[in-house]
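One structure is given below, encoded as structure tokens.
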Amino acid sequence: MSVHIAAKKGEIAKTVLQPGDPLRAKYIADNFLDEVRLVSQTRNIYYFTGLYKGKEISVGASGMGVPSIGIYSFELFTEYEVDTIIRIGTCGAYTSDLKLFDLLNVENAASESTYAKFAWGNEDELIANQGNSFALMNETAQKLSLEIKPTNIHTSDIFYRKDTTIPEIASKYGCLAVEMEAFALFANAKYLGKNAATLLTVSDIIPTREQISADEREKSLKPMIELALETALQL
Ligand code: HPA
């Protein structure tokens with residue numbers, strides 16, 4: 001048991017898929033895993049452990065934002081001996097060069113967040129994915145004939161803002177899209193010597209205000225889930 005996850009030691013697999021939303025974790029467990037056990041439901045942040053093609057995988061939510069993923073990923077890495085976390089989430093595109101449903105593999109996350117500085121003394125504003133899962137994801141996508149774009153993204157603390165121009169840090173590092181978690185996940189993994197990747201589906205095009213509708217959302221995430229699971233299978 002850790003502070004925010006109620007699973008016992010040994011009840012979480014070495015590889016964890018981490019969506020933001022607890023109900024998405026449940027959807028993945030119900031539709032993609034066999035012999036599923038619910039191992040934590042503290043704060044309704046569900047964690048499930050089951051088998052994917054015979055390999056033990058866990059899936060559980062990060063919640064939204066840097067503080068939340070900072071807590072869950074740290075506890076997974078340190079209390080449950082998790083080796084790899086693959087975040088699977090959505091993002092808003094800063095450019096209409098990206099299309100709804102595009103799949104992005106995050107190479108680096110740039111952020112104005114002070115999380116890495118005050119948690120780990122890491123003053124970098126750009127933090128890379130950690131370990132081999134990023135490369136494995138690119139290779140696996142190719143094998144599955146899925147198009148995936150390696151890119152830098154902006155991890156922001158802000159969803160709603162008055163000014164819709166592209167934030168300076170995103171321009172500085174060529175970030176094509178924005179989400180709210182990858183930077184903290186990568187910072188934790190880097191400090192702890194663990195592996196972390198982030199796979200994102202474009203759910204919003206910020207300049208045109210296009211959005212994936214609520215009922216498109218579930219099926220739109222299928223390729224991302226399959227790619228993350230097929231990658232996890234090889235870890
Ligand atoms: N901003 C931040 N995070 C997001 C967005 C967005 O527009 N869309 C999906 N996640």
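Just so you know, ligand 1 is whichever comes first in the structure, and atom 1 is the first atom listed for that ligand. Basis for what follows: all heavy atoms, side chains included, without hydrogens, waters or symmetry-related copies.
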- Query: Nearest 0.5 Å, what's the OG1-OH distance between Thr155 and Tyr115?
  - Reply: 12.0 Å
- Shortest protein contact, atom 6 (C) of ligand 1 (heavy atom only): Phe159 CE1, 3.6 Å
- Message: To check your reading of the model: name the closest protein heavy atom to atom 10 (N) of ligand 1, its residue, and the distance in Å.
- Response: Thr90 O, 3.4 Å
- Sequence neighbours left out, what pairs pass ring pair (Phe, Tyr, Trp, His ring centres under 6.0 Å) with at least one residue falling in residues 190-226? Trp120-Tyr191
- Hey, are Lys99 and Glu210 close enough for a salt bridge, meaning a charged N less than 4.0 Å from a carboxylate O? no
- Item | Contact atoms of ligand 1, heavy-atom distance to Glu179 under 4.0 Å | 3 (N)
- Message: So that I can tick it off, tell me whether Glu125 and Lys172 are bridged by a salt bridge, with the cut-off set at under 4.0 angstrom between side-chain N and carboxylate O.
- Response: yes
- Message: For the backbone of Tyr27 and the side chain of Asn31, can you confirm whether one donor and one acceptor N or O come within less than 3.5 Å of each other?
- Response: yes
- Among protein heavy atoms, which lies nearest atom 5 (C) of ligand 1, and at what distance? Gly92 N, 3.5 Å
- Which bit of Ser203 is near ligand 1, meaning a heavy atom under 4.0 Å away: side chain, backbone, both or neither? side chain
- Assess Cys91 for proximity to ligand 1: is some non-hydrogen atom of it under 4.0 Å away? yes
- Asp204 N/O under 3.5 Å from ligand 1 N/O: yes
- Task: Decide whether His154 and Glu179 meet the rule of one side-chain donor and one side-chain acceptor closer than 3.5 Å.
- Result: no
- For atom 4 (C) of ligand 1, which protein heavy atom lies nearest, and how many Å away is it? Val178 O, 3.7 Å
